[in-house]
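Only one structure is covered here, and it is reproduced in the block below.
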Amino acid sequence: MSFSLLIVSLILAHLIADFYWQPMSWVHDRNTRHFRASKLYLHVLTHGVSSFLVLLLWEFNYGWQALSSVVIATAVIMVTHYVIDLAKSYSSKGVVPFIVDQLAHLVVLLLLAIWLSDNDEFFTHSWEWLIQPATLWVLCGYLLVLNPTAVFIRMMLERITSGFSATGSLPAAGQSIGMLERVLMLTFILLDQFAGVGFLLAAKSVFRFGDLSASKDKKLTEYVMLGTLLSVSMTLFIGLAVNYLKAV
């Protein structure tokens, strides 16, 4: 309970300070002036103040009431945030640096929460959750609907359509869309929300209808329908199998 409260409070403070209390002018200043950017230091100070308040409230309600721990944790957050954001300012702008940046911040917060709370309790509960058959079956399900299912669908389509492939689309876009579609579909199935599966298929049909109706190529229509039906069938089978196996 105390660990969960601390980590969610730290993440909440991080999100507010990083995305709501940081104007785009601060980001631009950091990306252009790097370590000379005064707004970078102001941003780090904002994180320090918000994190200090969270840590102080938590420590004197659930922790060991040690002010030194609060000061050390706040200093670690500020220093690591400065280093991570400074490194990001020198990187190429894009999705990957953004994800790496946020994951690095999250790891720091997670390690601090583990240090400040009951370490044994965290690791014990995490290990017990990880080795449960239900958790492992769900992990198998998600791994199956990604690359293995994509490979199987590609092999089936090549065999049925004699190597036909749609032209004029982005490279690997169909495979990426299919993977995301199957992950969402499997999530709905595991949550017993089959209405979500229907909504996903309906939304895809609406977006695809214009392309297919504008195209006079019958093979393209058959190709898309075969790919969709194979993807849906395999995901349904895997999802239902996982639901059954994790309940056994």
Side-chain angles (χ1 to χ4, degrees), residues 4 7-8 11-12 14-15 18-19 94-107 110 126 129-161 164-215 219-248:
S4 300
I7 188 62
V8 72
I11 292 175
L12 182 62
H14 168 78
L15 291 174
D18 225 33
F19 295 99
V95 176
V96 174
F98 173 79
I99 293 175
V100 172
D101 170 79
Q102 292 302 317
L103 283 177
H105 292 312
L106 182 59
V107 168
L110 180 63
S126 299
W129 173 81
L130 183 62
I131 63 174
Q132 286 183 4
T135 304
L136 297 177
W137 279 121
V138 169
L139 179 60
C140 286
Y142 279 107
L143 290 176
L144 279 172
V145 299
L146 291 171
N147 270 342
T149 302
V151 170
F152 178 79
I153 291 173
R154 184 169 63 249
M155 291 171 62
M156 289 294 294
L157 288 178
E158 286 177 353
R159 182 173 172 226
I160 295 172
T161 58
F164 169 79
S165 61
T167 57
S169 60
L170 294 174
Q175 183 176 347
S176 301
I177 293 171
M179 286 184 178
L180 180 59
E181 173 189 288
R182 288 190 294 275
V183 166
L184 290 172
M185 205 177 305
L186 180 61
T187 303
F188 287 136
I189 295 169
L190 295 179
L191 294 174
D192 288 327
Q193 297 295 325
F194 288 91
V197 177
F199 175 79
L200 185 63
L201 291 174
K204 181 180 180 181
S205 300
V206 169
F207 284 111
R208 270 300 198 178
F209 178 77
D211 295 335
L212 296 178
S213 61
S215 174
K219 282 187 177 180
L220 174 61
T221 304
E222 293 174 343
Y223 184 84
V224 172
M225 289 183 65
L226 280 171
T228 300
L229 290 174
L230 277 171
S231 180
V232 172
S233 300
M234 293 194 66
T235 307
L236 279 172
F237 175 77
I238 292 171
L240 293 174
V242 169
N243 272 340
Y244 173 77
L245 291 169
K246 72 177 184 176
V248 173

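Every heavy atom of this structure was used, including side-chain atoms; hydrogens, water molecules and symmetry mates were not. Numbers for residues simply follow the sequence, beginning at 1.
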Where Leu200 and Glu181 come nearest, the two heavy atoms and their spacing | CD2-O, 3.6 Å

Taking all atoms of both residues into account, what is the closest heavy-atom pair of Gly178 and Ser231, and its distance?
-> O-OG, 4.5 Å

Nearest atoms (heavy-atom pairs only) where Leu236 meets Phe194 | CD2-CE2, 4.3 Å

Work out which heavy atom in Pro148 is nearest to a heavy atom in Leu143; give both atom names and the distance.
-> CD-O, 3.1 Å

Is there side-chain contact between Asn147 and Met179, with heavy atoms separated by less than 4.5 Å?
-> yes

Is the shortest heavy-atom distance from the side chain of Ile189 to the side chain of Val242 under 4.5 Å?
-> no

First locate atom CD1 of Ile7, then atom CG of Leu12, and finally report the distance between them rounded to the nearest 0.5 Å.
-> 11.5 Å

Evaluate the side chain to side chain contact (heavy atoms under 4.5 Å, CB included) criterion for residues Val197 and Thr235: first the C-alpha distance (whole Å), next the side-chain angles of each, then the deciding distance (0.1 Å), finally the verdict.
-> CA-CA 10 Å; Val197 177; Thr235 307; over 6 Å; no

Kindly check if the number of other-residue, nucleotide or ligand heavy atoms within 6.0 Å of CZ (Phe19) is above 12?
-> yes

Hey, could you give me the CG/CE distance between Leu186 and Met234, rounded to the nearest 0.5 Å?
-> 12.0 Å

Using the six-membered ring wherever Trp is involved, compare the ring planes of His105 and His14 and label them parallel, tilted or perpendicular (cut-offs 30° and 60°).
-> tilted

Between Val145 and Arg182 the two heavy atoms that sit nearest each other are O-NE, 2.7 Å

Distance col, row Leu180:CG vs Leu146:CG, nearest 0.5 angstrom, shows 10.0 Å

For the atom pair CG (Leu130) and CG (Leu139), what is the distance rounded to the nearest 0.5 Å?
-> 8.5 Å

Leu190 and Lys246 have their tightest heavy-atom pair at O-NZ, 4.0 Å

Whether over 12 other heavy atoms sit under 6.0 Å from Phe237 CZ = no

